[in-house]
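This report refers to the structure that appears directly beneath it.
Throughout, residue positions are numbered sequentially from 1 according to the sequence presented.
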Amino acid sequence: MISDKICPQHLERKAILYVRQSSAHQVLHNRESSALQYAMRDRLTTLGWSEIEVIDDDLGRSAAGGVQRAGFERMVAQVCLGKVGAVAAREVSRFARNSRDWQQLIEMCRVVDTVLVDQETVYAPRHGNDRLLLGLKGSLNEYELDLLRQRSLAARYEKARRGELVVGAPVGFVKAGDRYEKDPDRRVQEAISLVFDKVLELGSARQALLWFLEHNLDLPVKGKDGETAWRRPNYATIHRMIENPIYGGTYAYGKTAVAAGYDGTGVKVKIRRKARSDWLALMPNAHEGYVSWDKAEAIRKMVSSNVPTSRHHGAPKHGDALLAGLLRCRRCGRKLTLRYSGAKHHIPRYSCTRGWMDNGEPRCIAFGGLRVDDAIEGALLTIVGPGAIAAAVAAEKEASQRRDQVREALRRDLEAARYAADRAFRQYDAADPANRLVTGELEARWNKALARVAEVEAKIAAHDAATVPSTVDPASFATLAADLKSVWTTPTTDARLKKRIVRTVIHEVIADIDTDAAEIVLLIHWVGGVHTEIRLPRRRRGQRTSTSADVIAAVRQLVLIANDDLIAGILNRNGLVTGYGNRWTRERVTSLRSYHGIAVYKPADDGIEPWLNLNNAARLLQVAPKTLRVAAEAGEIEALHPLPDGPWIFSRAVLSTAPARAITERARQNPRHPAGSHPDQQSLFSSMT
């Protein structure tokens with residue numbers, strides 16, 4: 001029966017049949033729904049239309065308004081041109097399930113007098129009752145979609161709260177019903193475990209990445225088809241593993257939120273991470289993980305603290321400054337910045353300049369870092385010293401039990417490559433030799449697999465050749481632990497390792513300057529909650545690289561008997577160096593004397609020197625040098641001895657005093673050394689010469 005709403009002007013124009021399903025799954029599996037929608041063509045024919053166009057461009061696209069629908073837009077465009085007498089769908093909800101598209105279609109149909117047709121009735125938008133009915137149906141369609149979504153999400157969230165909603169498994173895990181299980185591939189398991197071990201050992205995700213790249217090791221990733229592939233690692237691969245709680249044996253859901261927005265090109269969906277307190281579910285020990293939950297959290301917090309922000313210290317760098325990222329200004333609360341100065345850019349200096357740089361505020365404090373680092377270093381070694389022996393024993397045990405991680409990874413790669421080569425050979429061997437189209441391709445795959453085996457074997461051989469066997473005596477661990485200061489100050493000790501030790505026991509150091517006392521005030525906040533205050537005198541410029549006061553005092557005494565060339569040799573023989581750590585030369589001694597106003601050595605014009613060395617003084621007293629030295633060491637005669645491995649210096653005036661004559665007289669009366677003949681004693685024999 002033809003409706004009275006259909007007029008001749010409607011039949012003169014063509015009719016459009018709109019076919020749509022919301023998802024690709026419905027297109028593949030709900031075939032009956034598609035058949036019913038295409039059957040609407042017969043209804044249009046019955047109603048009197050001869051020209052019917054079917055628009056099915058939007059199969060698998062939702063009408064909720066989140067995606068663009070090319071078919072719907074083409075239909076609306078033709079309606080606007082007045083070329084369409086009717087638009088039809090199995091149910092009018094197929095046209096749109098959002099008010100924007102629905103009202104646009106209804107308004108355009110009202111303007112150009114186009115009717116809407118479904119399986120039940122014909123709607124004329126120019127009729128008030130039909131327009132009211134279409135408006136209600138549009139609102140109901142939109143509400144129905146929201147209601148279905150809410151029901152689905154409620155069921156989904158409830159299942160997630162029980163820890164039973166397993167959507168997808170990251171690399172290293174497989175879905176086993178409503179829970180996660182480890183990937184049965186041991187190569188995958190050990191590679192992921194190695195990632196966590198290296199991040200914990202090196203203290204940074206980036207350093208772990210560089211370690212994997214240095215040794216040319218691949219890491220597993222999940223492909224779009226769900227298969228595991230091995231690729232060259234990048235930072236995102238390692239960071240995702242660290243941030244994902246699943247590797248710590250924890251079930252988590254609701255970590256992200258989706259926010260849809262519109263721009264000139266259409267709908268844009270943005271995914272943002274939510275705070276952990278806003279997650280829908282977080283259930284530790286829900287399944288077997290690659291590390292414990294506590295260890296996974298410790299690694300995650302360590303990597304998070306590597307970001308140099310106000311709350312975090314930042315990752316340890318290669319610089320020598322021990323307190324980078326740990327110092328905070330007591331006056332303004334900002335973190336102190338670090339810069340290096342000096343000819344070799346190795347002298348640290350801490351300063352609070354953020355307020356001046358950002359807001360134009362006055363500068364707070366600034367001081368040199370060498371003395372401060374030395375003070376913190378001394379306090380630290382005092383604290384960790386008692387546990388050094390136990391730590392050394394544990395390190396010795398770990399070093400003896402640790403396997404070569406790189407070689408183990410390469411061995412697993414070799415085993416996988418040999419399996420792939422064997423599988424390729426079996427496929428090639430099972431093929432018909434006469435079918436060259438097949439055997440040619442299988443042979444190429446076999447050769448490629450063999451090349452991969454040879455490549456991994458070459459890597460193992462190169463690694464074995466480059467690996468030097470350890471020659472460290474295990475007993476030396478305890479010896480080094482007893483002298484922790486030497487281990488700490490040796491140039492080969494990694495600066496990043498020392499900084500990690502410092503950050504393990506020190507939470508923060510509050511710094512200030514006491515102007516009146518000319519002191520640097522440091523308040524150490526130890527991790528255990530104890531606070532220690534250290535006061536250091538402010539160092540003048542160049543004071544650290546100045547020559548030691550003991551050396552200057554020794555030079556003042558040595559110039560009494562020696563020239564600059566001889567003084568340089570004496571200083572070097574005693575192992576003394578300049579303020580910059582250099583050996584002494586005649587020029588450097590001359591420069592030192594000139595700077596400190598020390599007179600140069602000048603021999604006496606009459607040959608009577610006011611100051612004598614040990615040999616000359618002994619010759620003047622007519623005693624053995626050893627006799628005079630023993631007397632000087634015993635304090636029986638006044639003498640100068642500026643350096644342990646240096647000359648004795650005697651004043652000529654002292655050698656003429658009573659103590660000096662007593663030494664001479666005692667030496668002559670010593671029975672172990674007979675006295676010489678008296679000058680008046682005559683000989684019984686006449687001279688033969």
Any pair counted as salt bridge (charged side-chain N to carboxylate O under 4.0 Å, His left out), so long as it reaches [range], sequence neighbours left out:
range            : value
residues 574-593 : Asp564-Arg593
residues 275-284 : Arg276-Glu297
residues 234-249 : none

**Q.** Separation of Leu338 CG from Leu322 CG (nearest 0.5 Å)
**A.**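 CG of Leu338 is found 11.0 Å from CG of Leu322.
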
Q: May I ask you to check whether His507 and His525 place their ring centres under 6.0 Å from each other?
A: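 Between His525 and His507, the centre distance exceeds or equals 6.0 Å.
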
Q: Check ring-ring contact (aromatic ring centres under 6.0 Å, His included) between His287 and all other residues, then give those that pass, not counting sequence neighbours.
A: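 Here the qualifying residues are Phe173, Tyr180.
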
(Q) Suppose we screen for ring-ring contact (aromatic ring centres under 6.0 Å, His included). Which residues come up paired with His641, at least two apart in sequence or across chains? (A)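 His641 satisfies ring-ring contact (aromatic ring centres under 6.0 Å, His included) with Trp648 only.
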
Q) Can you say whether the rings of Tyr247 and Phe196 are parallel (under 30°), tilted (30 to 60°) or perpendicular (over 60°)? A)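 Correct class here is tilted.
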
(Q) Applying salt bridge (Lys or Arg N to Asp or Glu O under 4.0 Å), can you list everything that pairs with Asp645, at least two apart in sequence or on another chain? (A)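 Asp645: salt bridge (Lys or Arg N to Asp or Glu O under 4.0 Å) contacts with Arg573.
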
**Q.** Arg231: partners by salt bridge (Lys or Arg N to Asp or Glu O under 4.0 Å), with sequence neighbours left out
**A.**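 Counting only residues at least two positions away or on another chain, Arg231 forms no salt bridge (Lys or Arg N to Asp or Glu O under 4.0 Å).
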
Q | Atom CZ of Arg339: over 12 foreign heavy atoms under 6.0 Å | A |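 For Arg339, atom CZ is not crowded (no more than 12 foreign heavy atoms under 6.0 Å).
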
Partner residues of [X] under the side-chain hydrogen bond (donor to acceptor under 3.5 Å, both in side chains) criterion, sequence neighbours left out:
X      : value
Tyr251 : none
Glu455 : none
Asp516 : none
Lys198 : Glu201, Gln405

Can you give each donor-acceptor pair under 3.5 Å made by side-chain atoms of residues 208-218, sequence neighbours left out, with the distance rounded to 0.1 Å?
from	atom 1	to	atom 2	distance (Å)
His215	ND1	Trp211	O	2.9

Q. For Thr578 and Trp584, does a side-chain donor sit closer than 3.5 Å to a side-chain acceptor?
A.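 There is no such pair (donor and acceptor under 3.5 Å, judged by atom type) between the side chains of Thr578 and Trp584.
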
